[in-house]
Each structure stands twice: as structure tokens, then as C-alpha cells.
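What you see below is based on every heavy atom in this structure, not just the backbone, and it leaves out hydrogens, waters and symmetry mates. Here the structure is a predicted model, which means the values were calculated and not measured.
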Amino acid sequence: MTSLNTLRLTVIQEAPEPRDLAANFSRVSEVIFAAHDADLVVFPELFLSGYQTTALDEIALLVDDPRIAGLADCCRSAGTALLAGFVERAPGGFFDAYLAIDRDGTIRNAIRKTHLFGTEREAFLSGDALEPVTLCDTRVGVLNCFELEFPEVSRTLVLRGAALLVAGSANMHPYERDHVIASSSRALENRLPVAYANRVGSESGHSFCGSSRIIDRDGSVLASLDSVETGSLTAEVEVGLRSDGVVDMVGQRRPELYEP
């Protein structure tokens, strides 16, 4: 594995099998073992279920599901942490959520999407917390698709200690440009690396637009995929570095001016 201040990130750009939990769990396990030299593997939004907004009771999972415990065993064996989107079952409904498993197999609390897009608001409950998750001894701010387009979400996670931003998405045409710009902007305005994992393929009436990328803290693109190809990206990023001087965007904030 890499040194304390360097993380090796792998981003997966693929299309899951719609509503086929067994196939998607199998694929995630396969990738974890294949990417054993990575510190953290990131899959797109709702990868374990596919991008589904109906009949969610059939594909929803609790975090203590035995299948998720199986993924934790894979992470422990490979020494690789995981972020993967899934439908979380909860009292009163369902969340569009991210599964977070550390490289020692510790399963963290699900990260629930707070800003729902379009008809997602009819299918899912809205998460009500923004808090970084600890993975690979690093505070990671996880953004779920539409959340990437709100600067306030990333900045709040950074102010609460995030040293890396990871965005998973099921972004679709015609919004490819929105996320390309937003991912670079979130990196540059916070001076933190950003890993962005979007899916490809078609499902539920949408055509998804890929363009996954890993972006350095200065906004430069370290690795990227186009809008249609299936594949993965790997890059090393420095975390825990503090910006200073004229590029210390967080330190130069004047919040007393920002209230409406």
C-alpha cells in the first residue's frame, strides 16, 4: 500500500445489471480482488441495484445484510476500501445511499443522498446529514451525483474535515458537461483531490454519460475516461496537504459576508 499522505484511487466506469443484485455483488467482489494494489475503489451511484426508482422493496438492503458482510470480507482480504452505491432499506422508505467499507473490513454507516434529482424525490427519502467518513485513515467527503452540483455540500464536508472528495454518479445525457465542470470546480475551489465515478449504458429510460475522472487539488485531470467506454482509472493523490497563501481558499473565507 502507499504511504500515509498518498492514496491510490481506482474509479470504476461500468453499467451494472438492472435489478440483479447477485451479478452486481459478484462484479464488485471481482474488482476488489483485481484492484488489490488500490487503497480505495469507487463505483457509481446505485451500482449494486442499477438505477432503479420503482419496486424498491425488491432490491433494497440493510447495511447488516450478509451479502454486504461478504464484501467486507473481500475488502479485508485485499486490503482495499470500497465505496459503492445501493438502495438502503429504512423505516418508512428507502435511501439512495453509499456503502462505505474500510480496508480492514469495517462497515461504516451508510451515506445517504441529501439532494435528490428529478423523480428520485418520489422514490427516495432525503438524507439529512453531511459528515465525512473515515476510510484509509483519511476523512473522505462523499458526494452522490446531484450533490456534486451544489458547492455548499462539498464546502461543508471540507469544513468538517474532509481531505478528499469522492463523487459517485448516475449522471445522464444531456448533463455530461455539468459534471465535468462541477468536478473540476469542486477540486479547485477547495484545493482537494476529487475522484468522480460515473456509469455508462442505458437503464430506466436514461442514457448515462460516463466521463469519469480523477482530479488533482490544483484542478488538473490525472486520469479520465470518455462518455461511452467501460473501464477503470487509477491514480495516486496526496491527501492531508494544506494550501497556503493566495490559494488558501478555505482559510480566506469571510463567512460573516455570506449570510442572505
Would you say the side chains of R103 and T80 form a donor-acceptor pair under 3.5 Å? no

In terms of heavy-atom contacts, does CZ of F150 have more than 12 from other residues, nucleotides or ligands at under 6.0 Å? yes

Can you confirm whether D248 is buried at CG, in the sense that more than 12 heavy atoms of other residues, nucleotides or ligands lie under 6.0 Å from that atom? yes

Checking N144 against D96: is there a side-chain donor and acceptor pair closer than 3.5 Å? yes

Nearest 0.5 Å please: distance from the OG atom of S220 over to the CZ atom of R213. 12.0 Å

State, without any angle test, whether Y51 and H206 hold a side-chain donor-acceptor pair at a distance under 3.5 Å. no

Report the distance from atom CD of Q13 to atom OG of S211, rounding to the nearest 0.5 Å. 6.5 Å

Interatomic distance, Y175 atom OH to C209 atom SG [nearest 0.5 angstrom]: 10.5 Å

S183 side chain to V180 backbone, donor-acceptor under 3.5 Å: yes

How about T53 and E122: does a side-chain donor come under 3.5 Å of a side-chain acceptor? no

Between the CG atom in N190 and the CZ atom in R217, the distance rounded to the nearest 0.5 Å is 11.0 Å

Atom CZ of R253 with >12 non-hydrogen neighbours under 6.0 angstrom: yes

Has R160 got a side-chain atom pairing as donor or acceptor with L130's backbone, closer than 3.5 angstrom? yes

Treating N24 as the side-chain partner and E17 as the backbone partner, does any N or O pair qualify as donor plus acceptor under 3.5 Å? yes

NE2 (H179) and CD (E149) are apart, to the nearest 0.5 Å, by 3.5 Å

We want to know whether T234 and T10 form a side-chain donor-acceptor pair, criterion being a heavy-atom distance below 3.5 angstrom. yes

Quick one: pull up CG in L125 and CD in E120 and give me the separation to the nearest 0.5 Å. 12.5 Å

